[in-house]
Amino acid sequence: MRQKLWKRLSRFLEVYLMKKYLETAISNALKTLDLLDIKGYKVEVPPEGFGDYSTNVAFFVSKRMRMSPLKAAEVIGEKLLSDPRVERISVDGPGFINIILSQEAFSEALFQTLNNRYYWRIKRPAAQKNIQIEFASVNPTGPFTVGHGRQAVIGDILAEVMRARGLHVEKEMYLNDAGRQIQLLGESVWIRYQQLLGKKVELEDTHYQGGYLVEMAEELIKEVGETYLDRSEKETRRFFRDYVLDRMVQTMKASMDKLGVSFDSFFSERTLVESGAVDRVLKTLRDKGLVTDRDGAVWFKVSAFEDESDKVLVRSDGTFTYFMTDIAYHLNKFERGFDYVIDIWGADHLGHIPRMRAAMKALGIPESFFNVMVHQYVNLKKGNEIVKMSTRRGEFYTLDELMEIVGVDATRYFFAMFDPDTHMLFDIDLARTKSAENPVFYVQYAHARICSIFRNAVEKGICHSTAEDVDYSLLQSDEERKLIREITSFPEVLERVAGDYKVSRITNFLEELASCFHIFYNKHKVIDRNHMKMSEARVGLCMVIKNLLADGLALLGVSAPESM
RNA sequence: GCGCCCGUGGCUCAACGGAUAGAGCAUCGGACUUCUAAUCCGAGGGUUGCAGGUUCGAUUCCUGCCGGGCGCACCA
């Protein structure tokens with residue numbers, strides 16, 4: 001039996017993906033025409049009514065074949081027709097070849113995806129790469145804002161996708177726990193502490209104004225009372241800095257936990273300074289003659305490598321700039337053996353990129369090593385008002401508040417669904433209304449619906465456990481063929497995400513899959529006692545869809561409820 | 001001023017250089033004695049910011065404008 005053979009083979013072979021298969025078929029056809037070097041053509045899904053797949057290859061070969069695209073399409077189409085999986089072709093428009101695949105081709109594809117649940121994973125990649133993605137790295141001076149949520153979700157999902165594509169990926173958060181901002185943060189709490197205990201001291205403009213620091217000071221008073229009202233300034237400063245820092249880091253880790261983001265490592269800027277790693281890098285740069293001393297500060301010659309002005313590494317008061325420690329940090333990453341790193345930064349870090357690139361060049365690190373993915377800001381809308389974020393002024397919605405209001409599923413899904421380049425507008429009131437407006441429900445509902453079908457199937461005694469004897473070629477309707485085509489396209493979606501980092505392709509895919517399913521569901525009955533053969537085949541189809549919805553949502557870190 | 005990103009129905013967003021630019025929300029009208037109506041079907045709504053260029057073909061690529069965001073720190 002044919003399906004038994006597939007099942008045996010499918011353990012060893014890559015799953016038969018219809019589009020990939022056609023690409024090979026076209027390439028073979030070109031070979032017979034001595035046109036193998038032609039590149040750039042595509043196989044894609046045509047508009048409704050033009051067949052299963054289409055290719056624009058004729059436009060690319062017409063010149064070489066010295067005929068019109070239309071004529072070339074006919075010649076190539078004729079060759080494709082000899083393929084047993086190709087049932088019909090037609091040449092339309094200015095020269096598109098539209099292809100209809102045989103029913104056999106569809107049932108084979110479905111059968112194989114049914115028997116290889118993780119057919120979209122790559123087990124053995126061509127080249128094993130060691131990659132690090134760094135995100136959600138900030139001054140631990142205040143709770144995470146929704147902007148950090150956006151990059152955390154993107155980074156987390158991207159790591160999952162790259163792992164599914166067979167790459168080794170580590171997720172890291174960098175803690176900027178050494179700089180002057182931390183000092184200011186400590187002072188801010190110290191002042192709040194004194195104010196609460198009746199002293200007349202005021203915050204300055206450079207201090208952090210957020211109310212969360214008042215709360216922290218209140219809690220501190222409960223813990224230590226008035227002990228720090230009359231200690232030495234030096235001791236007090238250090239105490240407040242360390243206390244606040246520890247509290248902030250705990251809070252931030254808790255937020256990430258809540259968001260479902262786990263890190264493989266946390267890296268402290270302070271350890272970099274204290275270990276002398278920063279001094280070493282500075283010396284290296286100095287030995288290479290790439291630093292200058294001017295106005296009491298130490299400058300790095302960015303202009304020797306990039307079209308940018310030189311930047312300060314060591315301030316005139318002797319402290320390191322963020323730029324300085326970041327160079328040491330990236331050298332450290334390189335020395336840890338990563339093939340390349342991807343830093344996910346907000347748009348406000350744009351200016352940091354050229355100078356970092358210059359520093360990498362100065363240290364002889366290969367150009368492909370340092371990669372930055374920039375995402376645009378998240379704007380929040382409340383009522384008719386756009387709320388701008390500012391950590392310093394203490395005006396923001398925190399990530400925790402957002403998760404509290406809309407839930408973790410919606411938070412993650414929402415951040416995943418927008419292209420990182422868009423200045424997304426997060427409508428708080430809209431998100432607050434827990435209703436169908438949220439696309440996450442649409443996808444989850446499709447999953448729950450299938451689960452419900454299965455409960456019904458069990459009651460009626462229909463199951464898919466004897467998959468080999470099921471006749472999947474019964475699934476001939478447009479809706480069913482479209483679903484199968486959709487299913488086989490998922491590996492390509494992930495491949496593209498791993499390439500261009502646009503995780504929104506996954507939500508787009510899931511919404512499309514869910515939509516195809518809902519349409520199918522409304523038109524066809526899955527469980528039908530009068531048509532047991534058909535029911536079995538449809539249960540198989542639904543099983544693949546259910547797995548894919550669940551696995552796709554899992555990739556996003558969103559739950560897939562069995563009932564809603 | 002210079003650099004990066006973005007301008008797509010009323011709103012939020014899609015669209016691998018392809019065919020008739022798609023969804024959702026909002027508006028209007030239909031579909032539950034049948035596996036969950038958080039669904040489906042239909043209608044209206046667009047010169048894809050403007051002007052050129054490249055080509056068989058441009059929302060997509062190039063150039064110039066216009067509008068918005070961000071950056072051009074001894075902040076991070």
Side-chain angles (χ1 to χ4, degrees), chain A residues 40 42-50 54 56 58-59 62-63 68-70 92-96 98 137-139 141 176 179-181 184 206 294-299 307-309 311-317 319-323 325-326 345-354 374-377 379 381 391-392 417-427 430 434-442 444-446 448-457 459-460 492 496 500 504-505 507-508 511-512 514-515 517-528 535 538 542 563-564:
Chain A
K42 284 178 302 194
V43 175
E44 46 196 355
V45 176
E48 207 71 40
F50 282 105
S54 78
N56 59 355
F59 300 113
S62 65
K63 238 176 219 156
S68 67
L70 218 61
D92 300 292
F96 291 100
N98 291 312
S137 300
V138 275
N139 270 332
T141 53
N176 293 111
R180 145 193 303 189
Q181 298 304 323
L184 286 170
T206 49
R294 199 197 325 150
D295 305 330
V298 182
W299 301 67
D307 188 19
E308 281 283 331
S309 55
K311 293 288 179 304
V312 169
L313 295 173
V314 185
R315 299 187 190 93
S316 48
D317 67 0
T319 57
F320 297 128
T321 60
Y322 164 76
F323 178 40
T325 51
D326 216 23
W345 294 347
D348 57 336
H349 279 59
L350 249 154
H352 195 55
I353 298 173
V374 174
H375 69 88
Q376 295 300 322
Y377 269 18
N379 286 316
K381 191 176 150 204
T391 310
R392 285 286 181 86
M417 71 184 281
F418 294 97
D419 185 313
D421 278 338
T422 63
H423 310 267
M424 66 176 282
L425 188 66
F426 204 119
D427 189 327
L430 189 69
K434 273 189 174 175
S435 72
E437 268 123 64
N438 202 324
V440 68
F441 291 127
Y442 185 83
Q444 289 178 322
Y445 183 52
R449 254 185 165 175
I450 297 175
C451 291
S452 172
I453 292 173
F454 288 169
R455 286 190 288 269
N456 190 272
E459 271 173 40
K460 302 240 167 81
E492 193 198 346
R496 292 182 60 195
D500 65 12
S504 58
R505 296 184 187 286
T507 55
N508 288 345
E511 281 165 42
E512 182 63 27
S515 166
F517 170 74
H518 285 310
I519 292 168
F520 159 79
Y521 178 92
N522 272 276
K523 199 157 176 181
H524 306 281
K525 194 140 174 64
V526 177
I527 305 302
D528 185 349
S535 297
R538 284 183 175 156
C542 288
S563 64
M564 292 175 77

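Residue numbering restarts at 1 for every chain, and letters A, B, ... go by the order of the sequence lines.
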Under 4.0 angstrom, heavy atoms only, what part of the nucleic acid is [X] near: base, sugar-phosphate, or nothing?
X: A:Pro46; result: base
X: A:His423; result: base
X: A:Ser316; result: base
X: A:Phe323; result: nothing
X: A:Asp295; result: base
X: A:Ser68; result: nothing
X: A:Asp348; result: base
X: A:Arg505; result: sugar-phosphate
X: A:Pro47; result: base
X: A:His375; result: nothing
X: A:Asn98; result: base
X: A:Ser563; result: base
X: A:Asn56; result: base
X: A:Ala448; result: base

> By salt bridge (Lys or Arg N to Asp or Glu O under 4.0 Å), which residues pair with A:Lys523, not counting sequence neighbours?
Replying inline: A:Glu479
> Of all the base pairs, Watson-Crick or G-U under 3.5 Å, which form stems of three or more consecutive pairs involving RNA chain B?
Replying inline: B:1-7 with B:66-72, B:10-13 with B:22-25, B:27-31 with B:39-43, B:49-53 with B:61-65
> Is B:C32 in the syn range, within 90° of 0, or in the anti range?
Replying inline: syn
>> If I pick the C1' atom on B:C50 and the same atom on B:A58, what distance separates them, to the nearest angstrom?
In response: 16 Å
> For atom P, what is the distance between B:G49 and B:A15, given to the nearest Å?
Replying inline: 15 Å
> So, A:Arg505 and A:Asp419, do they make that salt bridge, N to O below 4.0 Å?
Replying inline: no
> When the nearest nucleotide of RNA chain B is assigned to A:Thr321 and to A:Asn522 on a heavy-atom basis, which residue is associated with the more 5' position?
Replying inline: A:Asn522
>> Go nucleotide by nucleotide along RNA chain B from the 5' end; which of A:Phe320 and A:Met424 gets its closest nucleotide reached first?
In response: A:Met424
>> Just to verify, what does A:Phe96 make a ring-ring contact (aromatic ring centres under 6.0 Å, His included) with, not counting sequence neighbours?
In response: A:Phe59
What integer distance in Å separates [X]:[atom1] from [N]:[atom2]?
X: A:Glu459; N: B:U34; atom1: CD; atom2: P; result: 15 Å
X: A:Glu308; N: B:C4; atom1: CD; atom2: P; result: 11 Å
X: A:Ile519; N: B:A23; atom1: CD1; atom2: C1'; result: 11 Å

Tell me if a side-chain donor or acceptor on [X] pairs with a main-chain N or O of [Y] at a distance below 3.5 Å.
X: A:Ser62; Y: A:Ser68; value: no
X: A:Asp295; Y: A:Ala297; value: no
X: A:Ser535; Y: A:Val526; value: yes

> A:Tyr521 side chain N/O closer than 4.0 Å to the phosphate oxygens (OP1, OP2) of B:C41?
Replying inline: no
>> Please verify the inter-ring angle class for A:His518 with A:Tyr442; under 30° counts as parallel, over 60° as perpendicular, anything in between as tilted.
In response: perpendicular
> Are A:Tyr377 and A:Asp348 linked by a side-chain donor-acceptor pair shorter than 3.5 Å?
Replying inline: yes
> Stacking check: are the rings of A:Phe96 and B:G18 less than 5.5 Å apart at their centres and under 30 degrees in tilt?
Replying inline: no
